[in-house]
Amino acid sequence: MQALVLEKTEELSIRDIEIEETMGPRDVRIAIRNVGICGSDVHYYEHGRIGPFVVDAPMVLGHEAAGTVVEVGKGVTSLEKGDRVCMEPGIPDPTSKASRLGMYNLDPAVRFWATPPVHGVLRPTVVHPADFTFKLPDNVSFAEGAMVEPLAVGMHAANKARIRPGDVAVVTGAGTIGMVTALAALAGGCSRVIMSDVVQPKLDLAKTLGPILSVNASKDDLAAVVKRETDGWGADVVLECSGNEKAAGSAFGLICPGGCVVLVGMPGKPIAYDVVAGQIKEARVEHVFRYAHVYPRALALMGSGKIDVKPLITDTFAFADGIKAFDFARKMPPTSVKAQIELTG
Ligand code: ZN
């Protein structure tokens, strides 16, 4: 099948590739329609590795996907041919200890699309377990369906924060994950979000998504704004989505006594952690790694109109222009958030 293949660092091609897939009784075959380009796809393209995961053989990229069911395994009752769906890209071993403890995202045996040695989904079809395939509400497009994957990270972060109605959240970093995390925090009950970044066009877009006050951290002091906006008390929750070492290290300065810091972004190196700054507020600190079973709730929020991701899908490329799409994504203009590739399936 024709796929977008990462041959090695800095080398992509669109070519035929043999992928062996067998349909099990609980699997469905899906014709892929929209695939979002994720920071991790671009990182593999540029560096050939993420931490311990090294691309040492050609690998198909892409893990944020939606499409149409074209074949259904004998034991599948939840889906039928023609259903429009999106898919969770990580499949754990259901019998593992982590899965049985309800943390299947932390199962060391999880197989995740476009993470070596597992192929991604920038190709015409994929076979996938029905249990990790979710029907799109009628009013949710394929393009929006492919946004459920990044939104799931924001949903998981909002869950970890244990948001209560009326909370004020700070989101640091206005990339895709920062944006969807802000949307999830608002849908989860936050009265408003204070969002910081250093790229003004991203902040301008963020302001249009809901009750979001944007702060350009290159000009304004975020801590002073948070203090002013919360009558000196501090934010209930800080959702750190930039991966910036300084932003992560200074999160305790933004929260209220008893507040919570959720670390979503992945800093490139270890960060300085001011234990005393956390202690004097009895801060709760949570870490997020992907997500566990939040797709149904993310889709319910999209279907009801409580979450609208459409403004975040800024650039769409045809599959034939897939390599161009990746070169665009690696030098993303500041006005763009999410680039997607549209297949014809
Ligand atoms: Zn992603």
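FYI, side chains are in, hydrogens and waters are out, and symmetry mates aren't considered; it's all heavy atoms of this structure. Counting convention: from 1, in listed order, for ligands and their atoms alike. Because the structure is predicted, anything quoted here is derived from the model rather than measured.
Counting non-hydrogen atoms of other residues, nucleotides and ligands closer than 6.0 Å to NZ of K281 gives a total above 12. Taking a 6.0 Å sphere around CZ of R164, one finds it holds 12 or fewer heavy atoms contributed by other residues, nucleotides or ligands.
When the N, O or S atoms of E64 are ranked by distance to the Zn ion (ligand 1), OE2 comes first. Nearest N/O/S atom of E149 with respect to the Zn ion (ligand 1) is recorded as OE1. The atom of H63 that is an N, O or S and sits closest to the Zn ion (ligand 1) is NE2.
Test E149, K160, H156 against Y291 for side-chain hydrogen bond (donor to acceptor under 3.5 Å, both in side chains) and you get one pass: E149.
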Derivation and outcome, salt bridge (Lys or Arg N to Asp or Glu O under 4.0 Å), residues E88 and R290: CA-CA 10 Å; E88 215 178 305; R290 297 172 182 158; over 6 Å; no

